[in-house]
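Report on the structure given below.
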Amino acid sequence: APLFAALDVVGAPRAAPTPDEGVLRVRRAWFHMDGKAFTGARLREGEALIVKLTVESEERLEDALVVDLLPGGLEAENLGLADNDAISQLVLDGSALAERGWAAEIRHEEYRDDRYAAAIRLWPGQPAQLFYLVRAVSPGHFVVPPPQVEDMYQPTLRAVGRSEPALIEVVDP
């Protein structure tokens with residue numbers, strides 16, 4: 001009788017995916033809680049950063065899925081649950097956080113332990129901006145995965161951003 005076999009392979013790549021942009025583009029920027037750009041690669045345990053994702057498309061996409069995997073040692077937090085008075089006054093790269101609800105047409109978003117994910121609608125020539133908080137929770141040296149975006153129903157329409165910095169160190173306070 002015929003014999004059927006199934007083989008599942010699970011693993012992690014040795015190197016981060018290379019940036020890949022075409023119809024879609026995704027960029028990540030990190031900011032301190034005072035609004036200044038985070039340009040280093042070292043955080044103290046308990047320190048928080050604001051993450052700004054900018055997503056662009058050359059065509060209209062009804063169901064774009066943005067996934068920003070977090071490096072180990074960091075966890076995502078809902079920006080809406082933070083100290084709204086202090087944060088709403090911040091302007092990051094020309095974007096006022098008080099008006100972040102107008103920065104993207106968000107259909108769904110999730111703040112998970114290891115990632116931020118959002119389903120958004122994209123319009124040609126109109127960048128969508130997404131914001132969330134990350135907090136350093138565990139000391140160590142961690143690789144920073146790149147942000148990604150794809151059309152949920154046309155996975156060939158996708159983009160992989162850059163990881164800058166490529167490594168983050170979380171140190172004891």
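Excluded from the calculations below are hydrogen atoms, water molecules and symmetry mates; all remaining heavy atoms, backbone and side chain alike, are included.
- By the 4.5 Å heavy-atom criterion applied to side chains, Pro19 and Val160 are not counted as neighbours.
- Side-chain contact check for Val23 versus Arg158: every heavy-atom pair is 4.5 Å or farther apart.
- One distance of note links CG of Leu74 with CG of Leu43; it measures 6.0 Å at 0.5 Å rounding.
- The closest side-chain heavy-atom distance from Tyr132 to Ile50 is not below 4.5 Å.
- Atom NE2 of His108 is separated from atom CG of Leu65 by 9.5 Å, given to the nearest 0.5 angstrom.
- Of the listed residues (Glu77, Glu110, Glu109), just one forms a side chain to side chain donor-acceptor pair (under 3.5 Å) with Tyr116, and that residue is Glu109.
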Take Trp30 and Thr39 through the side chain to side chain contact (heavy atoms under 4.5 Å, CB included) test and state the conclusion after the steps.
CA-CA 8 Å; Trp30 310 64; Thr39 56; over 6 Å; no
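- Residues Leu53 and Val67 do not share a hydrophobic cluster, clusters being chains of Ile/Leu/Val/Met/Phe/Trp/Tyr side chains in contact below 4.5 Å.
- Closest non-hydrogen pair, Ala48 versus Arg135, comes out as CB-NH1, 3.6 Å.
- Just one of Met152, Glu150, Gln154 meets the side chain to side chain contact (heavy atoms under 4.5 Å, CB included) condition when paired with Asp63; it is Met152.
- Val51 is not listed as a side-chain neighbour of Leu133, based on a closest heavy-atom distance of 4.5 Å or more.
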I would like to know whether Val26 and Thr54 meet side chain to side chain contact (heavy atoms under 4.5 Å, CB included); could you show each step before the answer?
CA-CA 6 Å; Val26 60; Thr54 303; over 6 Å; no
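- Sorted by first and then second residue, the pairs that involve residues 18-29 and meet side chain to side chain donor-acceptor pair (under 3.5 Å), not counting sequence neighbours, are Arg25-Glu58, Arg27-Glu56, Arg28-Asp68.
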Check against side chain to side chain contact (heavy atoms under 4.5 Å, CB included), Leu61 and Leu157:
CA-CA 10 Å; Leu61 297 179; Leu157 291 177; 3.9 Å; yes
For residues 164-173, tabulate all N or O donor-acceptor pairs below 3.5 Å that involve a side-chain atom, not counting sequence neighbours.
residue	atom	partner	partner atom	Å
Glu169	OE1	Arg42	NE	3.2
Glu169	OE1	Arg42	NH2	2.9

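- No donor-acceptor pair under 3.5 Å is formed between the side chain of Arg60 and the backbone N or O of Trp123.
- The aromatic ring centroids of Phe38 and Phe31 lie 6.0 Å or more from each other.
- Looking only at distances, no side-chain donor or acceptor of Ser57 sits under 3.5 Å from a matching main-chain atom of Leu24.
- The two residues Pro146 and Ser163 make their nearest non-hydrogen contact at N-OG, 3.0 Å.
- The hydrophobic clustering, which links ILVMFWY residues whose side-chain heavy atoms are closer than 4.5 Å, places Ile106 and Val66 together.
- Closest approach of Phe142 and Pro71 over heavy atoms only: CB-CB, 3.9 Å.
- Here the OH-CG distance, from Tyr111 to Leu70, works out to 12.0 Å after rounding to the nearest 0.5 Å.
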